[in-house]
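So that the names make sense, note that chain A is the first sequence line, chain B the second, and so on, each numbered from 1. These figures come from a predicted structure and were not determined experimentally.
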Protein chains: 4
Amino acid sequence: MGVVKSKRMPRAVREQQMLDAAVEIFGQRGYMAASMDEIAELAGVSKPLVYLYLNSKEDLFTACIRREAAALTEAVRTGVRTELPADRQLWDGLLAFFTHTSRNPPAWSVLHLQARIHGEAFAAEVAAMREEIVAFVTQLIVVAAREAHRDPDLPEREVAGLAEALVGAAESLAAWANATEGVTARQSAATLMNFAWAGLGNLMEGRPWTLRDVPTEGTPMQVG
Amino acid sequence: MGVVKSKRMPRAVREQQMLDAAVEIFGQRGYMAASMDEIAELAGVSKPLVYLYLNSKEDLFTACIRREAAALTEAVRTGVRTELPADRQLWDGLLAFFTHTSRNPPAWSVLHLQARIHGEAFAAEVAAMREEIVAFVTQLIVVAAREAHRDPDLPEREVAGLAEALVGAAESLAAWANATEGVTARQSAATLMNFAWAGLGNLMEGRPWTLRDVPTEGTPMQVG
Amino acid sequence: MGVVKSKRMPRAVREQQMLDAAVEIFGQRGYMAASMDEIAELAGVSKPLVYLYLNSKEDLFTACIRREAAALTEAVRTGVRTELPADRQLWDGLLAFFTHTSRNPPAWSVLHLQARIHGEAFAAEVAAMREEIVAFVTQLIVVAAREAHRDPDLPEREVAGLAEALVGAAESLAAWANATEGVTARQSAATLMNFAWAGLGNLMEGRPWTLRDVPTEGTPMQVG
Amino acid sequence: MGVVKSKRMPRAVREQQMLDAAVEIFGQRGYMAASMDEIAELAGVSKPLVYLYLNSKEDLFTACIRREAAALTEAVRTGVRTELPADRQLWDGLLAFFTHTSRNPPAWSVLHLQARIHGEAFAAEVAAMREEIVAFVTQLIVVAAREAHRDPDLPEREVAGLAEALVGAAESLAAWANATEGVTARQSAATLMNFAWAGLGNLMEGRPWTLRDVPTEGTPMQVG
DNA sequence: GATGAATGAGATTTCATTCAT
DNA sequence: AATGAATGAAATCTCATTCAT
């Protein structure tokens, strides 16, 4: 009766349990402060088994980063349908992003905070994921420009900077939202969408960005 | 000619040297990976002297955070003149911010990355500084709204979210700029100013934010 | 032939070896001067293993005190049969006490000297043991008074003081006997028994305490 | 107005201040745990001055022991008049001893506890003092035996043991009295005097030791 | 497949002690 | 006479990692 701590599980399952534990601990303590002892204990296995499967602390951390990076990009990719208009794609992407990060705070901590701090090797793993997202946003901006008028005079470098700023803002907001009580993924997405699309200037003059069919909670993003 | 490594210096001077070294090492290695040995060596003193003056690794780190937070807020405060229009104030603030962070990359790493990761106590030190800046931006938005029209219907909470997003974007951009070759403070400020003030929508329709008297390098800023 | 330094022993055994070594070193050097390095070396293990099992220098010291205190009280308890007359009980107790302390000089040093010096926490551990012994002696005095005459007019507080003095004398004698060549446990017990029971006054007037059936070596305790 | 912390004092005075501070700290913390920093601070001088005058921690500790040992023996010597009867001499000596130790707890801690623990050299310093006292007591016993009857059949070795036990009991009682609230020097002396002179046996049969002219507080020591 | 036993290397921190003034 | 500045050496403790079963 009760939860039986079954032994002898297939390797794939054990590995996932270990990664779950590792993400949890790395997210809470940070890479250096996390101890393999604690991770093994939380995973419910002995330390040597962790080493047998994941090889070293570094490899374990890298495995965490890879798994969570893949999960996040997959979530965003799934949320976006490229046949829709650019602003709608951005909205859907943001919503998927904030939804995922808000559901996996330790994972987001690992990707956003920990991985960047501890060595170039780890940072590079995250950078790959990030570039994929930046590329997606960059392309969105280009498409939107094309949709808006026939003369796309935004130089490439400028577009890159804007995408960077937008992604950076999203990352910061995600961390802030996780740390702040009562902020929903939808609210975060709405705030950022307004900020990015309409700009403060427009917002203040009463002309926020609007998108039909999207039920909203944030104030300035008005449902038409 | 050259720096003479003089011995027996007054305490105040030595303390600054130690803090310089500590910011450098903490910025590079992170709090946990930084060793007191390395810091002492870089400061050109023995480890016991570091402990005598700064007391402990924690206290040393806190002292770094305090000094750099004070320096950054001071730099921004000095750059802004509150009698000017809101957008000009934002521009000046951003310029001062990016100028300071680009000149002190390790200091910015300590404030932006390290301090947030290692314990609530450290994070709180930074949070105080951050709140000061967020408050400044929040007030700018309110003032700008008042300048734009008499009916400021942006609810308080929304304004807070926008300020958060803007500051977050600036922080991210600063880190990115430090890590990317050839990005000037002025460019960063311009990119973010456009992004924040005009919004992507306006930008793409050829209506970027402009400010007279400000010579710029970034492209879309400064229309004709 | 000889002691094979076998590796990989069960935890319980290793812990006892560590405690043996710790008592030895703490007894010789004192708590502060004893180094975990030396203890680990004498125990034939690495320092981390000592920490893994015993947790900290403080905990290790406490474990030593507890073990030795228990051993000593057990030795005394075993030596005394409560159905015998009071003076015989005292004699048996003293003999057991001096026998045990003379066989484990470092243990006695730990209990009598070290534990009292280094912090109230340690002293309290010993105080518990000591109180047990003082209580035993106190009760002996009361019983003896009852046996001697029906009117026990010794006030409680006075009895406590006497018990304290007797136990204190025994403790001192034990330390002195350990430091002095050629003093047997039996001699110490006899000296103290005479001192305590008959008093100097009686002794000097040729009326020492005597106990039938007890072969003695000390002079004044004459076999009647 | 207020205590003026005068500088430039004659060496002899400064040295006494340092010894005062050292006895205080050594008594509280123990030899190892006491830090020269703390001693210098309590003495109101800089550390190098302590080294200039007292040379080293060891020498400082030895100086403390010497001073306090001399003070204690002097106090006992002064309290005893050798022309009086032996038991009166013992009483006076005990009273002087307990009075002195109760007035200088840190000094007594240094002599009784600290000095014995930390190295043979220190212990030897105390041993010299102790031997002087033991010799005094030994002689008292011999004299008393002579007074009591003409046939002193107590062998020398036995007398030595008895003196040792008596002195040991006194030492223990002194420490206990210092640690216990409300125990006066007179009470300690009375308890021990009864214990030593009459013995438990006599006490319990209602025949305590008595001394004319000595006002008492302890119960069994009755003024005839 | 899984683990209890064990360790080498290195972290922070403290302290007695000395130099230069 | 007196001190602020500075350090070498050593202490406790932690951790990633491996061995033997």
Side-chain angles (χ1 to χ4, degrees), chain A residues 7-11 14 32-40 44-61, chain B residues 6-15 32-40 43-60, chain C residues 6-15 32-40 43-60, chain D residues 7-11 13-14 32-40 44-60:
Chain A
K7 312 227 157 187
R8 303 276 159 164
M9 315 190 33
R11 171 160 182 160
R14 270 275 192 264
M32 302 285 319
S35 90
M36 297 296 274
D37 270 294
E38 204 178 359
I39 291 171
V45 297
S46 73
K47 231 187 328 175
L49 197 58
V50 178
Y51 277 87
L52 186 62
Y53 284 175
L54 276 313
N55 208 42
S56 75
K57 193 183 187 184
E58 257 192 67
D59 286 4
L60 172 59
F61 192 47
Chain B
S6 58
K7 311 229 156 188
R8 304 273 154 168
M9 319 192 27
R11 171 167 182 154
V13 177
R14 267 280 139 84
E15 270 189 18
M32 302 281 324
S35 91
M36 298 296 274
D37 269 293
E38 204 178 358
I39 290 171
V45 297
S46 70
K47 223 181 344 169
L49 198 58
V50 179
Y51 278 89
L52 186 61
Y53 285 174
L54 275 311
N55 209 44
S56 75
K57 193 183 186 182
E58 252 190 75
D59 285 5
L60 173 58
Chain C
S6 58
K7 310 228 156 186
R8 305 274 156 167
M9 318 191 28
R11 172 165 183 156
V13 177
R14 266 280 137 82
E15 271 190 19
M32 302 282 323
S35 92
M36 296 298 273
D37 270 293
E38 204 178 0
I39 290 171
V45 296
S46 71
K47 221 184 344 171
L49 197 59
V50 179
Y51 278 90
L52 187 61
Y53 286 174
L54 275 312
N55 209 44
S56 74
K57 193 183 187 183
E58 253 191 73
D59 285 7
L60 173 57
Chain D
K7 312 224 158 189
R8 304 273 158 168
M9 316 191 30
R11 169 159 184 159
V13 178
R14 271 273 192 263
M32 302 284 321
S35 90
M36 297 296 274
D37 269 293
E38 204 178 358
I39 291 171
V45 296
S46 72
K47 230 184 334 174
L49 198 58
V50 178
Y51 276 87
L52 187 62
Y53 285 176
L54 276 311
N55 207 44
S56 76
K57 193 183 187 184
E58 256 191 69
D59 286 4
L60 173 57

What is the distance, to the nearest angstrom, from the [atom1] atom on [X] to the [atom2] atom on [N]?
X       : N      : atom1 : atom2 : value
B:Leu52 : F:dT3  : CG    : C1'   : 14 Å
D:Glu58 : E:dT17 : CD    : C1'   : 13 Å
B:Arg11 : F:dT3  : CZ    : C1'   : 14 Å
D:Glu38 : E:dT14 : CD    : C1'   : 13 Å
C:Ile39 : F:dC13 : CD1   : C1'   : 14 Å
A:Leu49 : E:dG4  : CG    : P     : 11 Å
D:Leu54 : E:dT18 : CG    : P     : 14 Å
A:Lys57 : E:dA9  : NZ    : C1'   : 15 Å

- Message: Tell me whether the side-chain N/O atoms of D:Arg14 come closer than 4.0 Å to OP1 or OP2 in F:dA2.
- Response: yes
- Task: Examine E:dT3: is either OP1 or OP2 under 4.0 Å from a nitrogen or oxygen in the side chain of A:Tyr51? Give yes or no.
- Result: no
- Using the closest heavy atom to pick a nucleotide of DNA chain F for each, name whichever of D:Tyr53 or B:Pro10 lands nearer the 5' end. D:Tyr53
- Take C:Met32 and B:Val50, find for each the nucleotide of DNA chain F with the closest heavy atom, and name the residue whose nucleotide sits nearer the 5' end. B:Val50
Look up atom [atom1] in [X] and atom [atom2] in [Y], then write down how far apart they are to the nearest 0.5 Å.
X       : Y       : atom1 : atom2 : value
A:Arg14 : A:Leu54 : CZ    : CG    : 13.0 Å
A:Ile39 : A:Lys47 : CD1   : NZ    : 11.0 Å
D:Tyr53 : D:Asp59 : OH    : CG    : 16.0 Å
C:Lys57 : C:Met36 : NZ    : CE    : 7.5 Å

- Message: Counting the atoms with a prime plus P, OP1 and OP2 as sugar-phosphate, which does A:Ala34 contact under 4.0 Å by heavy atoms, base, sugar-phosphate, or nothing?
- Response: sugar-phosphate
- Query: When we call it a touch if two heavy atoms are under 4.0 Å apart, what does C:Ala40 touch: a base, just sugar-phosphate, or nothing?
  - Reply: nothing
- List the atom of B:Ala40, the atom of B:Ser46, and the distance in Å for their closest heavy-atom pair. CB-C, 4.0 Å
- Query: For the residue pair A:Met32 and B:Met32, what are the closest heavy atoms and their distance?
  - Reply: CB-CB, 3.3 Å
Where the side chain of [X] is defined as all heavy atoms beyond and including C-beta, which of [options] is the nearest nucleotide?
X       : options               : answer
B:Asp37 : F:dA6, E:dA11, E:dA5  : E:dA11
A:Pro48 : F:dT18, E:dA6, E:dT12 : F:dT18
D:Val45 : E:dA2, F:dT3, E:dA5   : F:dT3
A:Ser56 : F:dT17, E:dT17, E:dT3 : F:dT17

- Query: What pattern of brackets, bars and dots sums up DNA chain E from 5' to 3', given Watson-Crick or G-U wobble pairs under 3.5 Å, [ ] for crossing pairs and | for another strand?
  - Reply: .||||||||||||||||||||
- Message: Is there, by distance only and without an angle test, a donor paired with an acceptor across the side chain of A:Lys47 and the base of E:dT3 below 3.5 Å?
- Response: no
